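A quick write-up on the structure given underneath.
Letters A, B, ... are given to chains in the order of the sequence lines, protein chains preceding strands, and every chain is numbered from 1. Predicted, not measured: the structure shown is a model, and the values here were computed from it.
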Amino acid sequence: MALTKEQIAQRIAKELKDGYYVNLGIGIPTLVANFIPEGINVVLQSENGLLGMGPFPEDGKEDADLINAGKQTITTLPGSAIFDSAMSFGMIRAGKVHLTVLGAMEVADNGDIANWKIPNKMVKGMGGAMDLVAAAKNIIVAMQQTNPKGESKLLSKCSLPLTGIKCVTKIVTDLGVFEIIPDGFLCVEHAPDVTIDEIKAKTSGRLVIADNVKPVAI
Amino acid sequence: MALTKEQIAQRIAKELKDGYYVNLGIGIPTLVANFIPEGINVVLQSENGLLGMGPFPEDGKEDADLINAGKQTITTLPGSAIFDSAMSFGMIRAGKVHLTVLGAMEVADNGDIANWKIPNKMVKGMGGAMDLVAAAKNIIVAMQQTNPKGESKLLSKCSLPLTGIKCVTKIVTDLGVFEIIPDGFLCVEHAPDVTIDEIKAKTSGRLVIADNVKPVAI
Amino acid sequence: MSINKVVANADEAIQDIQDGATVMFGGFGLCGIPENCIAAMVKKGTTNLTCISNNAGVNDFGVGLMLHKKQVKKMIASYVGENTEFERQLLSGELEVQLIPQGTLATRCLIAGYGIPFVPVLAGVGTEVAEGKETVVRNGKKYLIEEAFEADFAIVKAWKGDTMGNLIFKDTARNFNPLMAMAGKTTIAEVEELVNPGQLNPNMIHTPGIYVHRIFQGTNYEKRIEHKTVRKTN
Amino acid sequence: MSINKVVANADEAIQDIQDGATVMFGGFGLCGIPENCIAAMVKKGTTNLTCISNNAGVNDFGVGLMLHKKQVKKMIASYVGENTEFERQLLSGELEVQLIPQGTLATRCLIAGYGIPFVPVLAGVGTEVAEGKETVVRNGKKYLIEEAFEADFAIVKAWKGDTMGNLIFKDTARNFNPLMAMAGKTTIAEVEELVNPGQLNPNMIHTPGIYVHRIFQGTNYEKRIEHKTVRKTN
């Protein structure tokens, strides 16, 4: 069975290490916060200017002045710090954020990523995505293996305008876990009951199956 | 009679306009704060990170955490703001400080200034002087016309290492008031009872006497 | 030393903003936006504006109100996905748009306020954002040269401010506000609470008054929430 | 989410600073200097240090204590006029010194903390500070290219801090401290009062904990005053 969105998030949560500062993008990445392993302390950064993002507020306690980068109402946690957007991206650029998780429309087998624009169709802007992918050392993409038409989103070359080049380190999809290596996508884990053949069929870029490929443990 | 240090400061204080943010250097410039004209509201900036510098504290009320750029204990005033040194020089560089008053060892008739180093003799460092003279639009130098040996400090070319080039706008000395113009030092005021001949004798750079030169009104 | 920067209201604060001006608006999404000044701009009907703002508001709130009235010639922003009217004007060619990375937007404000003419950044290298831009290589990495903004006016919203222009922001309504406050040739601040000098702790000022030219206490803040998300409670 | 960065004391905080390291020290004059860590550095006797600090302390206090013990190979500072031992070591050639403008010093810390590799500045153009430096012309003005600092350690002193490393500074003891805190590969903060997470207002944090790696509550602060100046009272 392919992974659910929650399971993708759960798998990514295993990448968290104690003491990490983490930036979670909109969508599946946001769900990662629900699966932080026991004993692992991480601080969530929201690039509009917050360290220590907490859960959504209780109904009626939401505050228009306290939102995350997805414009959702949130809370702070004890030990939070608030700052302006220049400092927020400053700490990202300076490599102080250990892990960035974000969604993508396309990833290429050299680590290029496209997630901000569909020419003549969707113009939303890159927001902080270009800054994040240019600066972060460890970038994990959370996405579906294929688009709604069933076409692979793991490509030899992105067809959409790029967000960043050679920056993605790992991809977790509904079908498996892939690392970017010089030879392309290295499949290190597959979703339970998803065959390597299915992964091969749904990966359009260069694909290498790890010798010790194993089922995603979630 | 030549002007006293207090009178030099008093004369410079006449350059203050309502609403000015002002940076006063160590020495005579500091005294300018004592002569701010009635009805003129100015805010004093101290480049270690303070807007709204107040007078010295009362004896016993000094606080080691509250000093000016000359390391003297000071006070804040209502409406003060404290910030780090990068912002402090940021606002200076961005031209938000209207007037800078500082001392000098030498000034050249093209507006060059030297006030930070005597090779092989005095090595104190430039502190914030180079930043201030490079950025400020209106720089007034307060100094004696001559050095202790009786040699003019108003030169055709500085002999000491420069602090900044072509930056001084006006000089107030014990003998008079000089503006920097393309032709050199323009003497616009002379100290009461100080003759133009004495000023000429004690100015070694190019000197122009203004047609309407008049006594310093203090 | 009390320099008084108080103006009566938003109308007075923005009265000299002319057609064709470049104006920055603080805020992130609808959070921390200068609602009073935007309303006054819409009322005044100034046109041909170049607006610099992280977002373009929504169709009927924030900077979106000015877009709706076609007051904006050019929009410089990082994310405009919440505004369908924006997307329509852009795709139809009615609106000139420059989309830039959010951190670059923030930093171009910062360096304007710090008197730094340009800054090298990695964001956008290898993308269409890099097109036509000067680059520099440092330690084997390619950087884009990004220029400091030059804005005729910056309009920001703060939580508290004093009559000398010192500002304090609340929570993530801070965002771009202190940065744009530093970057305007003329900076206008509207605040929820205007106090006298001495009522704000000098250690806790986010924007020193030297960067602010006009200040007033705003009224009737709607503070619309864009995406209300709440916890499941049992 | 509580990441604990507390170490027992100054000795533990500095224990892995090796001979030859580059170390930043916060403070301006004797104001806001990390007294506990400086004492620990003197006790440990680490040598061959490159120190980055706005000033060099006085002969018997602050960074001057390390100079006196000949622990410093190279000093990068902006003003050292208060330290006659410094002047002696410099003029005799025992000490390598790089004097740089104060605003440049501050900005080179800032950009290090913001991941910006270099910055163009006007300060020093046409002076000996410009010698050997790359320059760039912009809008008809010549700028010096100044590089971001790379410091192995930054040691700062704050007023209050929490166990997650968030810092608040008091009055002009802020100075270079938050800037250097951002610029160290490893940043050590000593604070007058160490509190638990939640005891500091998130809106009033000067240095977010992400920039701080070790923190402890210092003891026995002398807080020496360099020039006591008081008002004449009648």
Side-chain angles (χ1 to χ4, degrees), chain B residues 13 16-24 32-34 36-55 63 65-66 74-100 131-137, chain C residues 1-7 107-119 148-151 154 158 160-169 178-187 189 191 194-215:
Chain B
L16 300 173
K17 292 199 172 72
D18 196 36
Y20 263 21
Y21 290 88
V22 181
N23 184 292
L24 301 177
V32 173
N34 300 331
I36 299 168
E38 194 78 21
I40 299 286
N41 292 299
V42 303
V43 173
L44 301 182
Q45 202 243 20
S46 188
E47 67 266 26
N48 53 322
L50 169 65
L51 276 171
M53 179 164 61
D63 180 344
D65 288 336
L66 187 53
I74 48 155
T75 56
T76 57
L77 291 174
S80 279
I82 287 164
F83 33 83
D84 66 45
S85 302
M87 181 179 263
S88 185
F89 285 97
M91 61 184 65
I92 289 168
R93 256 192 244 107
K96 304 291 176 183
V97 173
H98 300 95
L99 175 63
T100 292
D131 309 275
L132 280 159
V133 300
K137 291 176 209 150
Chain C
M1 71 151 223
S2 185
I3 298 178
N4 191 327
K5 299 180 175 177
V6 179
V7 294
T107 308
R108 290 176 66 186
C109 296
L110 177 79
I111 62 170
Y114 277 17
I116 297 170
F118 65 87
V119 66
F149 278 125
E150 291 196 27
K160 291 187 180 185
D162 70 21
T163 56
M164 293 175 68
N166 294 300
L167 305 179
I168 294 178
F169 303 91
L179 301 165
M180 291 180 169
M182 297 196 301
K185 274 175 211 145
T186 297
T187 292
V191 299
L194 183 63
V195 302
N196 285 319
Q199 291 185 260
L200 304 178
N201 180 342
N203 285 297
M204 301 306 166
I205 303 295
H206 296 130
T207 298
I210 194 170
Y211 285 114
V212 174
H213 304 88
R214 301 171 194 170
I215 190 168

- Return the option, out of C/I116, C/T163, C/N166, with the maximum number of heavy-atom pairs under 4.5 Å with chain B.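 Maximum pair count with chain B is reached by C/N166.
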
Identify the heavy atoms of [X] and [Y] that sit nearest to each other, and give their distance.
{"X": "B/S80", "Y": "C/I205", "answer": "O-CG1, 4.1 Å"}
{"X": "C/D162", "Y": "B/G79", "answer": "OD2-CA, 3.9 Å"}
{"X": "C/G113", "Y": "B/A94", "answer": "O-CB, 3.3 Å"}
{"X": "B/F83", "Y": "C/P208", "answer": "CD2-CG, 3.6 Å"}

With a 4.5 Å heavy-atom cut-off, do [X] and [Y] have their side chains touching?
{"X": "C/M164", "Y": "B/L51", "answer": "no"}
{"X": "B/V43", "Y": "C/I210", "answer": "no"}
{"X": "B/M87", "Y": "C/M182", "answer": "yes"}

- Query: Does any heavy atom of chain C fall under 4.5 Å from the side chain of B/A86, the backbone, both, or neither of them?
  - Reply: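 Both the backbone and the side chain of B/A86 come within 4.5 Å of chain C.
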
- Item | C/N203 side-chain N/O to B/I82 backbone N/O, donor-acceptor pair under 3.5 Å |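 Judged by distance alone, no pair lies under 3.5 Å.
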
- Message: Strictly distance-based, threshold 3.5 Å: is any side-chain N or O of C/Y211 a donor or acceptor partner for the main-chain N or O of B/K96?
- Response: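 Absent.
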
- Side chain, backbone, both or neither: which part of C/A112 has an atom under 4.5 Å from a heavy atom of chain B?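 For C/A112, backbone heavy atoms alone lie under 4.5 Å from chain B.
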
- Within a reach of under 6.0 Å around CD of C/E150, are more than 12 heavy atoms found that belong to other residues, nucleotides or ligands?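 No, not enclosed.
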
- Message: Is it the case that over 12 heavy atoms from other parts of the model lie below 6.0 angstrom from the NZ atom of B/K137?
- Response: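 Incorrect, the count does not exceed 12.
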
